[in-house]
Amino acid sequence: TQGLQDATNALEDDMTIVLGAGTFVLDNQVTLRGANGITLRGQGKDVTILDFGTQTAQANGVDVVSDRFTVSDFTIVDAVKDGIRIED
């Protein structure tokens with residue numbers, strides 16, 4: 001999960017983050033801000049799972065402030081608030 005945080009912190013316009021197969025257990029939301037045209041892609045809805053069941057704060061799963069954002073091929077489970085929240 002640290003690799004995912006590192007990738008989101010280094011985003012620039014028109015980048016793609018490709019998630020591998022498996023279940024990623026996350027205790028905090030994934031925040032994508034400051035870059036536009038971002039794509040977040042998994043390996044398939046039953047193959048890549050972002051599990052937020054261990055969140056302790058009122059948080060979304062994936063929180064995005066961006067233009068032209070694309071998500072595909074993964075599942076989000078057990079986010080405390082919104083699974084995906086997109087603003088801007």
Side-chain angles (χ1 to χ4, degrees):
T1 59
Q2 185 59 45
L4 179 56
Q5 277 304 120
D6 292 344
T8 60
N9 291 337
L11 286 174
E12 296 179 15
D13 286 353
D14 303 312
M15 291 182 79
T16 298
I17 297 174
V18 178
L19 302 169
T23 299
F24 297 84
V25 178
L26 302 160
D27 61 2
N28 201 352
Q29 71 184 13
V30 175
T31 303
L32 306 170
R33 284 194 167 89
N36 295 309
I38 300 304
T39 297
L40 185 58
R41 178 178 303 129
Q43 302 300 307
K45 69 177 187 171
D46 297 323
V47 179
T48 302
I49 299 168
L50 302 182
D51 181 347
F52 293 94
T54 61
Q55 279 181 320
T56 57
Q58 290 283 1
N60 299 306
V62 178
D63 190 63
V64 181
V65 179
S66 175
D67 291 326
R68 302 181 332 273
F69 178 73
T70 303
V71 294
S72 66
D73 301 316
F74 64 91
T75 297
I76 294 175
V77 297
D78 294 332
V80 174
K81 291 176 76 177
D82 299 326
I84 299 175
R85 181 182 175 96
I86 302 173
E87 300 177 46
D88 197 22

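Positions are given from 1, in the same order as the sequence printed here. What you are looking at is a predicted structure, and each value in this text was computed from that prediction instead of being measured.
The hydrophobic cluster around I49 extends to V77, counting ILVMFWY residues whose side-chain heavy atoms fall within less than 4.5 Å of a member.
Residues that satisfy the side chain to side chain donor-acceptor pair (under 3.5 Å) test with Q55, not counting sequence neighbours, are absent from this structure. T54 pairs by the side-chain contact (heavy atoms from CB on, under 4.5 Å) definition with V25, D27, not counting sequence neighbours. For R33, the side chain to side chain donor-acceptor pair (under 3.5 Å) partners at least two apart in sequence or on another chain are D63. Scored by the side-chain contact (heavy atoms from CB on, under 4.5 Å) test, K81 finds Q58, N60 as partners (sequence neighbours excluded). The salt bridge (charged side-chain N to carboxylate O under 4.0 Å, His left out) test applied to E87 returns R85, not counting sequence neighbours. Scanning for salt bridge (charged side-chain N to carboxylate O under 4.0 Å, His left out) contacts around D51 gives an empty result, with sequence neighbours left out. Residues passing the side-chain contact (heavy atoms from CB on, under 4.5 Å) test with I84, sequence neighbours excluded: V62, V71, I76, I86. Not counting sequence neighbours, D46 has no partner by the salt bridge (charged side-chain N to carboxylate O under 4.0 Å, His left out) test. Residues passing the side chain to side chain donor-acceptor pair (under 3.5 Å) test with T23: none are found, sequence neighbours excluded.
Across G37 and S66, no two heavy atoms sit closer than the pair N-OG, 4.1 Å. Nearest heavy-atom pair across L40 and F74 is O-CE2, 3.4 Å. The two residues A79 and G61 have their closest heavy-atom pair at CB-N, 3.7 Å.
Once rounded to the nearest 0.5 Å, the distance linking CD1 of I38 with CZ of F69 reads 8.0 Å. In this structure, OG1 in T48 is found 5.0 Å from CD in Q43, a value given to the nearest 0.5 Å. With rounding to the nearest 0.5 Å, the separation of OG1 in T56 from CG in N28 is 7.5 Å.
By the rule that hydrophobic residues join a cluster once side-chain heavy atoms approach within less than 4.5 Å of another member, L4 and F24 end up as members of one cluster.
A donor-acceptor pair is defined here as one N or O able to donate and one able to accept, closer than 3.5 Å; such a pair exists between the side chain of T75 and the backbone of K45.
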Could you give the side-chain donor-acceptor pairs of residues 10-20 under 3.5 Å, partners two or more places apart or in another chain?
unit_1	atom_1	unit_2	atom_2	d
D13	OD1	N36	N	2.8
D14	OD1	R68	NH2	3.1

